[in-house]
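Some notes on the structure that comes next.
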Amino acid sequence: MDVVETEIRTILARVLDRDPALVAELPVGTELFGPELNLTSLAGARLLAGVQDRFGVDVAAEDWALESLTSIGTLADFVRGAVG
Amino acid sequence: MTVKCVVWDLDGTVWPGVAIERSTRELPEPFPRALAAMAALEERGVVNSVASRTDPSMAELLAADPGLANRFVVPQLSWGDKDQAIRRIVDELGISPSATVFVDDNPFERAQVAALLPEVRVLAPDELYAQLDAGTLVPAPATEEARRRVDRYREEQARRAAEQEFTGSREEFLRACGMVLTVGTAGPADLPRIGELTERTHRFNTTGEQWPLERLAGLIDDPRWFVPVARLTDRFGEYGLISTALVERGAGTGPDRAVDAAPGGDGHPDWRLRLFMSSCRAAGRDVPVAVLGWIMREARAAGAARLLVDIRTDLANLELRVLLRRAGFGRVAVTGEHALLLGRDLTGELPVVPHLRLSTEQDRTIERTGAVTEHDRTVAQDRVVR
């Protein structure tokens, strides 16, 4: 797991107010809006703000339909691609 | 920015002299002009609050004073600086400092707030009275709807206080609020409020488009359009009309307004949400999801295959864009600069909000008249499935 994915998991734990160790262990395919994480729209907006602060990547400006917000892995892939 | 709150200094502004220095434990007689101004502001939907540099114990006197008792929302009485007091007020009310006016007779207090909270409009009492009389402070007319807005701020304080005391989970608290969302289609009487929503909503507004009232009036009578409205009540009070949408039945996916596929044309035409709005007044209760879910069920019941949504990606509506993604909407087409068309097919489970009981206009008439229609049986059956 590279720094992009580990950082995204840290931000995710923070915006969901969940135990970072637990979020760090979740499979990479865990759905963001699925029952395990149950990301709300407010927490999702905070996640994107956190990603922008940390990586300088404005996901919402580049991925208009926010399709990268599917799983931990798809978001990490998108940010990885954008960071280049 | 429309003025939503006037923050009053007390000593020398609302009444003569310094209350705490009086020999008796009573408040001085308020200036009639101040009381009249507060009443005029409330009628225009502007909340009155207080930032007074005094002993916090004065708050009880304020709450017990017959003339002033419930004139103020979240009054701040402390020895601290007034910019801090105003910061607490705007956070508590969930409004922007630029929607706030501060009035104080003391030039030092005015200068301090002006320096540290520049977005706040700072006035001496006479300036406030002059602007109020000239109608330049609050241009909005005194309407019943505006006056009820002040009641809602009070209800919101009661809600927040109850939430702090509640020890169960967030979901249990929301269920305990007894929220009922009454949904129906817009009538002419709803048009001013719909117009107000087009101007006042930002976070939960898909396109930010301004639709003139005449055009809106035309839509509610046009069978090709569906204009739903949603009203929310809970055990603390009522929120009024808090969400609406302009939905084109049987629309195509082109960028312009023309109806490409004739209604009931080839197979299952889509329904298209040209504008969706929900007031922040009911934030934190998942109202937008409940309204969207209901519109989707109506579209499916009418035989539509998909619900389409026009949305701009350059506005302050990121949370709404995430909400749509969470509800299963995906990209359909780019319709312009920063303009996108999203879509979701209407098969399978549609979004539902457990703590929001959905009631249709007919339900309310059922409660009154007992007549059940076919449509209500499906809606009622749908609710049982949850």
Side-chain angles (χ1 to χ4, degrees), chain A residues 7-19 22-23 26 28-79 81-82, chain B residues 94 169-171 174 202-207 253 276 278 280 282-293 306 308-344 349 351 353-355:
Chain A
E7 286 290 310
I8 283 176
R9 287 172 185 268
T10 315
I11 301 167
L12 199 53
R14 178 163 49 80
V15 300
L16 286 169
D17 199 14
R18 298 274 293 273
D19 172 6
L22 184 137
V23 176
L26 292 172
V28 70
T30 307
E31 289 196 356
L32 297 172
F33 300 117
E36 176 54 44
L37 287 170
N38 195 14
L39 189 69
T40 65
S41 49
L42 184 59
R46 288 189 177 135
L47 171 65
L48 294 181
V51 163
Q52 184 162 15
D53 292 347
R54 176 64 187 73
F55 297 106
V57 174
D58 184 349
V59 176
E62 293 168 33
D63 173 15
W64 281 14
L66 300 177
E67 272 143 353
S68 60
L69 282 184
T70 304
S71 67
I72 297 175
T74 56
L75 180 57
D77 291 344
F78 185 88
V79 173
Chain B
S169 75
R170 175 179 183 276
E171 193 51 37
L174 290 172
H202 304 291
R203 257 169 74 204
F204 291 102
N205 184 314
T206 46
T207 64
T253 57
F276 172 78
S278 193
C280 286
R285 295 157 180 81
D286 303 325
V287 165
V289 179
V291 175
L292 266 175
R306 281 185 307 184
L308 303 172
V309 178
D310 285 282
I311 191 150
R312 290 196 65 86
T313 58
D314 57 346
L315 304 176
N317 59 0
L318 176 58
E319 192 179 333
L320 179 56
R321 288 170 57 198
V322 176
L323 182 149
L324 288 164
R325 175 69 191 137
R326 177 182 157 85
F329 283 82
R331 172 197 292 259
V332 168
V334 175
T335 51
E337 181 62 23
H338 296 299
L340 192 62
L341 187 63
L342 300 175
R344 185 201 198 276
E349 222 183 302
V353 176
H355 58 260

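Chain naming here is simple, since letters A, B, ... match the order of the sequence lines and numbering starts at 1 in each. On a predicted model such as this, the values are computed, not experimentally measured, just so you know.
Contacts of D53(A) classified as side chain to side chain contact (heavy atoms under 4.5 Å, CB included), with partners at least two apart in sequence or in another chain: none. Checked against side chain to side chain contact (heavy atoms under 4.5 Å, CB included), A339(B) has the following partners two or more places apart in sequence or in another chain: R312(B), T335(B). Evaluation of the side chain to side chain contact (heavy atoms under 4.5 Å, CB included) rule for R54(A) yields V3(A), E7(A), I11(A) as partners, not counting sequence neighbours.
For the residue pair L39(A) and R326(B), the shortest heavy atom distance occurs at O-NH1, 2.5 Å.
At a heavy-atom cut-off of under 4.5 Å, chain B is reached by A60(A), D63(A), W64(A), A65(A), L66(A), E67(A), L69(A), T70(A) from residues 58-77 of chain A, listed in order of number.
The contact between L48(A) and chain B is made entirely by side chain atoms (from C-beta outward), counting heavy-atom distances below 4.5 Å. Of the two parts of L342(B), only the side chain, counted from C-beta on, holds a non-hydrogen atom closer than 4.5 Å to a non-hydrogen atom of chain A.
From S41(A), atom OG reaches atom CG of D286(B) across 7.0 Å, with rounding to the nearest 0.5 Å.
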